[in-house]
Amino acid sequence: MTSINKKAQQRSVEIISNKKVGAYHHMVFAVGDMATFAKPGNFVAISVGGSNSSMILRRAFAIYRSSDRGQYGGTIELVVAPHGQGSKWLTGLNIHDHVDMVGPLGVNFGIPTEPVNALLVGGGYGSAPLFGLAEVLKERGCRVDMILGASVAGKIYAPLEGKRSVNSLTITTEDGSTGNKGKVTDVMPELIKKHNSEIIYSCGPMPMLAAVDNLAEQFGLMHQCAVEESMACGIGVCMTCVLPVKDDNGVIKMTRSCIDGPVMDGSRVVWNSNRQIPEGTWGAS
Amino acid sequence: MTSINKKAQQRSVEIISNKKVGAYHHMVFAVGDMATFAKPGNFVAISVGGSNSSMILRRAFAIYRSSDRGQYGGTIELVVAPHGQGSKWLTGLNIHDHVDMVGPLGVNFGIPTEPVNALLVGGGYGSAPLFGLAEVLKERGCRVDMILGASVAGKIYAPLEGKRSVNSLTITTEDGSTGNKGKVTDVMPELIKKHNSEIIYSCGPMPMLAAVDNLAEQFGLMHQCAVEESMACGIGVCMTCVLPVKDDNGVIKMTRSCIDGPVMDGSRVVWNSNRQIPEGTWGAS
Amino acid sequence: MIDPSNFDMRVKFGHKYFDSPVFTASGCAGSGKELSQFFSLTELGAVVTKSIALKPRSGRPTPRMAETPSGMLNSIGLQGPGIDQFLEDDIPWLVANQARIIVSISGETVDDYASLARRLRVVPGLSGIEVNISCPNVENRGLVFACDPVASRDVIEAVRRNIGGELPIIAKLSPDVTDIVEIAGEVISAGADGLALINTLLGMVIDIDKQRPKLAGKTGGLSGPAIRPVAVRAIYQVHSKFKNVPILGMGGVTSGKDALEMIFAGASAVSVGTANFGNPTAAIKVKREIRELLMERGFNSISEAVGVAHNE
Amino acid sequence: MIDPSNFDMRVKFGHKYFDSPVFTASGCAGSGKELSQFFSLTELGAVVTKSIALKPRSGRPTPRMAETPSGMLNSIGLQGPGIDQFLEDDIPWLVANQARIIVSISGETVDDYASLARRLRVVPGLSGIEVNISCPNVENRGLVFACDPVASRDVIEAVRRNIGGELPIIAKLSPDVTDIVEIAGEVISAGADGLALINTLLGMVIDIDKQRPKLAGKTGGLSGPAIRPVAVRAIYQVHSKFKNVPILGMGGVTSGKDALEMIFAGASAVSVGTANFGNPTAAIKVKREIRELLMERGFNSISEAVGVAHNE
Ligand SMILES: Cc1cc2nc3c(=O)[nH]c(=O)nc-3n(C[C@H](O)[C@H](O)[C@H](O)COP(=O)(O)OP(=O)(O)OC[C@H]3O[C@@H](n4cnc5c(N)ncnc54)[C@H](O)[C@@H]3O)c2cc1C
Ligand SMILES: Cc1cc2nc3c(=O)[nH]c(=O)nc-3n(C[C@H](O)[C@H](O)[C@H](O)COP(=O)(O)OP(=O)(O)OC[C@H]3O[C@@H](n4cnc5c(N)ncnc54)[C@H](O)[C@@H]3O)c2cc1C
Ligand SMILES: Cc1cc2nc3c(=O)[nH]c(=O)nc-3n(C[C@H](O)[C@H](O)[C@H](O)COP(=O)(O)O)c2cc1C
Ligand SMILES: Cc1cc2nc3c(=O)[nH]c(=O)nc-3n(C[C@H](O)[C@H](O)[C@H](O)COP(=O)(O)O)c2cc1C
Ligand code: FES
Ligand code: FES
């Protein structure tokens with residue numbers, strides 16, 4: 001269903017827009033034909049800090065949207081939270097600055113062959129890849145309902161044009177500053193029932209994905225989630241980004257989220273194994 | 001005669017001009033009252049590479065000019081050669097960017113109490129501190145002759161306003177692309193005789209200073225030179241910037257060029273000791 | 001300057017020649033396949049595979065990495081499929097894609113290394129064995145082999161006995177020792193044809209919010225440009241003493257300049273590790289720049305440049 | 001959160017209390033005087049003076065430094081005026097300026113250390129002795145004391161015998177050893193009241209234009225943020241084993257965050273070294289940030305925070 005993107009390129013790309021939106025920066029890059037191969041769920045990896053940087057690792061960002069033609073040729077859009085040194089450097093750049101980008105990387109979201117009712121669940125900037133996904137699902141005739149959650153209103157990323165591509169949008173914040181007070185999983189059961197959801201797509205912090213997967217299991221629904229683990233390389237060569245995932249035979253293996261993910265079948269992931277190798281994992285001592 | 005500048009400050013200063021002049025960049029910084037204490041021969045030390053820089057050491061630059069009032073308050077001007085990573089980063093900055101500067105540092109040129117005939121000899125960007133010095137000497141009624149040398153024409157830094165402050169300016173280039181073909185020391189003897197020079201001031205690469213000192217000795221003239229050794233701190237705490245210098249009793253000591261220099265009495269410096277501790281140095285084993 | 005195509009990039013370990021002095025470092029190039037979408041593996045001197053053990057290993061839990069100033073810590077814990085599946089899956093693919101292969105092996109006992117060597121002896125298509133001795137010796141309180149001259153010697157002897165005379169053995173040493181020259185001496189006399197210098201330095205990062213070591217495995221291996229001066233020093237010291245033993249230099253090589261430091265210090269070739277993470281085509285860049293920089297300096301071959309920093 | 005003025009910044013080595021957990025590292029603060037134009041030395045826990053020998057020393061020729069990624073190499077060679085002039089010039093100035101003083105000593109023989117200790121015993125105004133044992137032992141083929149458990153022990157014993165019971169002894173260890181915990185054990189049992197961790201790592205940079213080592217002394221000591229993970233690891237390992245021995249942590253401390261890593265790993269105080277070169281007021285910044293960060297995390301004193309990363 002899902003497959004790894006083998007069309008990764010490395011290139012110097014130009015920033016053509018950088019706008020603050022709530023707690024995030026919406027950034028647009030002119031990427032040439034890198035855009036052609038980008039699918040919802042893919043990500044890019046960007047060098048940060050400039051040529052004298054003490055930060056030697058790339059930062060990964062989910063592709064929010066990509067477009068292969070337009071005023072600037074192919075473009076890729078990202079939603080970046082200015083969090084630590086690397087992302088602050090990136091969001092501090094100006095139009096016409098260049099960055100070194102590798103992409104598109106990773107496994108994209110699988111699209112059902114038949115029209116189905118899809119529920120998309122995003123946390124924080126995790127909403128980013130869901131809007132592009134929503135568009136594709138709509139094109140395939142799916143019903144698309146979306147839930148976005150965050151701690152506070154400013155951390156909900158839900159641009160107008162994005163809202164148009166969904167049938168319904170429900171927002172939750174932990175402090176109630178906008179939408180429903182609470183977590184995405186508080187409203188999920190009701191929405192699943194109301195919209196007769198058949199598949200769940202999710203992207204966001206790992207604890208949220210775990211909770212979403214728990215509900216998906218309860219309702220017996222397919223669940224594709226885009227996980228986020230610390231990545232040193234993003235291209236499958238370092239083995240830092242692993243998480244325990246069951247293979248086709250049910251064997252738990254430490255699986256790379258950059259190349260065998262980030263999109264994974266939620267039911268295969270062994271959640272909450274934080275800082276431990278789950279018992280029975282292949283090769284565990 | 002000379003004395004260390006004890007008025008050093010550390011502050012974030014704004015770039016108010018950055019112009020390419022030949023092989024160099026002439027840069028102006030708004031430095032507030034740091035300018036008040038700057039004397040010809042002092043230098044500043046600037047952090048390079050930005051906040052995520054892998055370059056942890058400051059770079060030292062001789063003060064070309066300083067002015068304590070004007071449109072921007074106090075200003076300090078530098079002449080920077082884009083050489084390696086640090087200086088390229090600096091010269092690549094834009095107006096309104098800020099840098100962290102410590103200064104003024106080091107020992108300044110000593111000014112004779114009586115009007116004398118002074119010969120100023122600069123190599124490459126070593127001409128920078130000499131123009132400010134020339135102005136002060138002129139104010140004191142000295143005759144000021146200047147020789148500037150470099151490998152090629154583009155590496156002669158001799159701005160118009162600078163030329164005005166000297167009685168004569170002689171230029172030498174090694175390839176003859178401008179001025180006399182040859183080295184500064186080729187023209188020095190003639191000029192010393194012609195202008196009846198009584199004191200020599202010099203600044204430039206160490207081999208040039210050594211050659212100048214050799215002539216100064218031959219002619220029995222005082223020689224104040226601004227030396228340039230690799231500096232890790234610029235403020236006297238690391239002991240990397242030393243060179244062998246005779247003290248008042250004629251004892252050779254490894255002496256810090258940042259705080260007991262950069263301006264030194266040429267006759268005291270033990271030249272050409274490269275990569276060796278001269279015999280007889282205090283504490284040599 | 002000579003024609004670039006005449007510049008001799010060949011290097012030799014044991015009886016084997018390699019067409020390029022740039023290898024990928026073990027554990028930093030996956031199985032080779034992953035990098036092949038960025039360049040052809042035939043451009044490399046060799047792919048040094050991720051250290052393989054006898055049995056499958058899950059490796060350590062996550063977090064497995066922490067970025068540090070100009071470096072990173074990793075604590076992968078030698079995750080891998082074990083020798084059987086490795087020989088079934090990875091080697092045939094590399095052979096089919098005409099990559100030169102150096103297999104890195106790791107063990108928990110001297111016997112493990114011996115068994116691995118026996119398995120590899122009969123595998124066609126290999127160009128060398130890199131012996132990663134920076135592994136805990138379960139028979140000696142988990143003391144890392146590479147930290148103990150006797151254990152280091154025992155491992156290399158066992159590999160030598162079992163691998164036969166064909167394949168060059170490259171012993172990979174740890175910098176976390178009081179006297180790396182001593183260890184080098186032991187493994188050379190035990191039969192190593194070359195040395196890989198250096199493995200990572202033991203380091204730790206504390207997560208000041210969690211108030212715990214950032215890595216699940218607590219300590220990790222420090223790599224990247226931060227450690228380059230330590231690597232250059234180790235190469236220089238060892239080459240000083242053992243001029244005829246080829247060294248595969250590594251530790252923070254990201255550019256041709258970095259590689260030249262190591263070559264001048266005494267390395268015959270370099271491995272690119274952590275730099276692959278920041279730049280998937282780092283190895284190609286390093287290779288191109290080595291040639292350019294050496295030609296600019298009047299060299300006609302890599303071998304002429306090896307160890308020149310030792311000249312008086 | 002408590003009132004900042006109530007936050008207890010005191011730390012203790014031996015019988016001596018220090019009002020701040022931030023010291024300057026030996027060799028990185030000149031004689032103290034140079035930094036005093038940027039801040040008052042009374043802000044520091046103590047000034048640790050540049051290692052002083054019995055006799056004047058010219059130090060090594062230049063170049064003495066090379067910048068490296070997030071670090072630097074130095075090869076000063078312990079330049080200094082010798083103990084006599086040091087006691088005449090530097091100490092009175094520091095005393096007059098009310099700085100707390102820890103004198104760092106270095107020697108070429110065990111006797112040198114003993115003599116230095118005897119000289120210092122009678123000097124008023126000192127708060128401790130830091131014993132720099134990362135020096136070549138001329139009586140043992142120039143092998144660095146700190147690399148040899150027996151020599152390390154001998155030095156500390158000699159200092160202990162000669163200094164009396166008053167002044168705390170802080171033994172400064174080198175990370176360039178196979179087992180730093182072993183060396184720590186030796187110097188503790190020989191009478192050290194505290195440990196300074198870590199001295200620089202041995203490194204080298206090659207000047208690729210000159211094709212020679214960049215430093216005149218060939219090798220140099222690597223310091224700065226690049227080595228911080230190695231320092232944190234050393235502190236963590238040693239504190240694990242010797243919970244009651246206070247550690248003065250150092251190696252790449254440039255900010256409060258860096259200091260917190262060390263404190264959580266087990267350091268009671270930190271020394272700021274190379275960071276002074278990039279930022280003359282680094283020590284003050286580190287001190288301010290330590291307090292802020294610890295208060296944000298609910299601590300009321302430094303001592304509560306020491307070693308918390310070891311909690312299960
Ligand atoms: C597949 C994927 C998609 C992502 N998509 C987005 C996105 O769309 N928008 C966005 O703002 N951020 C995204 N991130 C997070 C982003 O990669 C950075 O981790 C984040 O910007 C923080 O980096 P920093 O340099 O600012 O923070 P720092 O705290 O200075 O650095 C974080 C350190 O951890 C590493 N690291 C990488 N990923 C993580 C992680 N998930 N958790 C902890 N550490 C990590 C970094 O390499 C770095 O070493 C994504 C991460 C992954 C793995
Ligand atoms: C007192 C003094 C005054 C100076 N005045 C000027 C000036 O007016 N204009 C100008 O362009 N440059 C001047 N320099 C040189 C300047 O400080 C830098 O060394 C130069 O810009 C190269 O730095 P970089 O980062 O570009 O080069 P890199 O090669 O990347 O770095 C050079 C390295 O050497 C160190 N270093 C510092 N000084 C020297 C030196 N003299 N020789 C070799 N290495 C050194 C640097 O700290 C750095 O680590 C002066 C230096 C000194 C000591
Ligand atoms: C993520 C990672 C995994 C590594 N795995 C191995 C390994 O399996 N076997 C080995 O011998 N070295 C391993 N190393 C060490 C590297 O091969 C290399 O010796 C070291 O990282 C220094 O080189 P570098 O700075 O270029 O990375 C690993 C290093 C990293 C960063
Ligand atoms: C230029 C320089 C000189 C040093 N001189 C000494 C010294 O004389 N005695 C000593 O014990 N350590 C000396 N050190 C080591 C430092 O005190 C410190 O242990 C080391 O640099 C690590 O800390 P840092 O990274 O904060 O500098 C010196 C370090 C530098 C950079
Ligand atoms: S990030 Fe390196 S393997 Fe996934
Ligand atoms: S540069 Fe540090 S003492 Fe002069």
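Note on naming: letters A, B, ... go to the chains in the order of the sequence lines (proteins, then strands), and numbering restarts at 1 for each one.
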(request) Take C:L201 and D:I227 through the test side-chain contact (heavy atoms from CB on, under 4.5 Å) and record every step on the way to the result. (result) CA-CA 10 Å; C:L201 276 77; D:I227 70 167; over 6 Å; no
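A search for ring pair (Phe, Tyr, Trp, His ring centres under 6.0 Å) contacts involving C:F299 returns C:F264, not counting sequence neighbours.
C:L222 and D:P229 make their closest contact through CD1-CG, 4.0 Å (heavy atoms, listed as atom of the first residue, atom of the second, distance). The two residues D:A309 and C:P213 make their nearest non-hydrogen contact at O-CD, 3.7 Å.
Only the side chain of D:L73 has a heavy atom closer than 4.5 Å to any heavy atom of chain C.
When C:V232, C:L143, C:I180 are compared by the number of non-hydrogen pairs under 4.5 Å with chain D, C:V232 comes out ahead. Residue with the most contacts toward chain C among D:P225, D:G203, D:G224: D:G203 (heavy-atom pairs, distance under 4.5 Å). Highest contact tally toward chain D, considering only C:I208, C:V177, C:V230, is held by C:I208 [criterion: heavy-atom pairs under 4.5 Å]. Most heavy-atom pairs under 4.5 Å with chain D, from the set C:L202, C:V205, C:V308, C:L260: that is C:L202.
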Under 3.5 Å, which donor-acceptor pairs link chain D to chain C? Give each pair on its own line with the distance.
residue : atom : partner : partner atom : Å
D:S70   : OG   : C:S70   : OG           : 2.6
D:T178  : N    : C:T178  : OG1          : 2.9
D:T178  : OG1  : C:T178  : N            : 3.0
D:T178  : OG1  : C:T178  : OG1          : 3.2
D:L202  : O    : C:R233  : NE           : 2.9
D:L202  : O    : C:R233  : NH2          : 3.4
D:M204  : N    : C:P229  : O            : 2.9
D:I206  : N    : C:E261  : OE1          : 2.9
D:I208  : O    : C:R297  : NE           : 2.8
D:D209  : OD1  : C:R297  : NH2          : 2.7
D:R212  : NE   : C:N311  : O            : 3.2
D:R212  : NH1  : C:V308  : O            : 3.2
D:P229  : O    : C:M204  : N            : 2.9
D:R233  : NE   : C:L202  : O            : 2.9
D:R233  : NH2  : C:L202  : O            : 3.4
D:E261  : OE1  : C:I206  : N            : 2.8
D:R297  : NE   : C:I208  : O            : 2.8
D:R297  : NH2  : C:D209  : OD1          : 2.6
D:V308  : O    : C:R212  : NH1          : 3.3
D:N311  : O    : C:R212  : NE           : 3.2

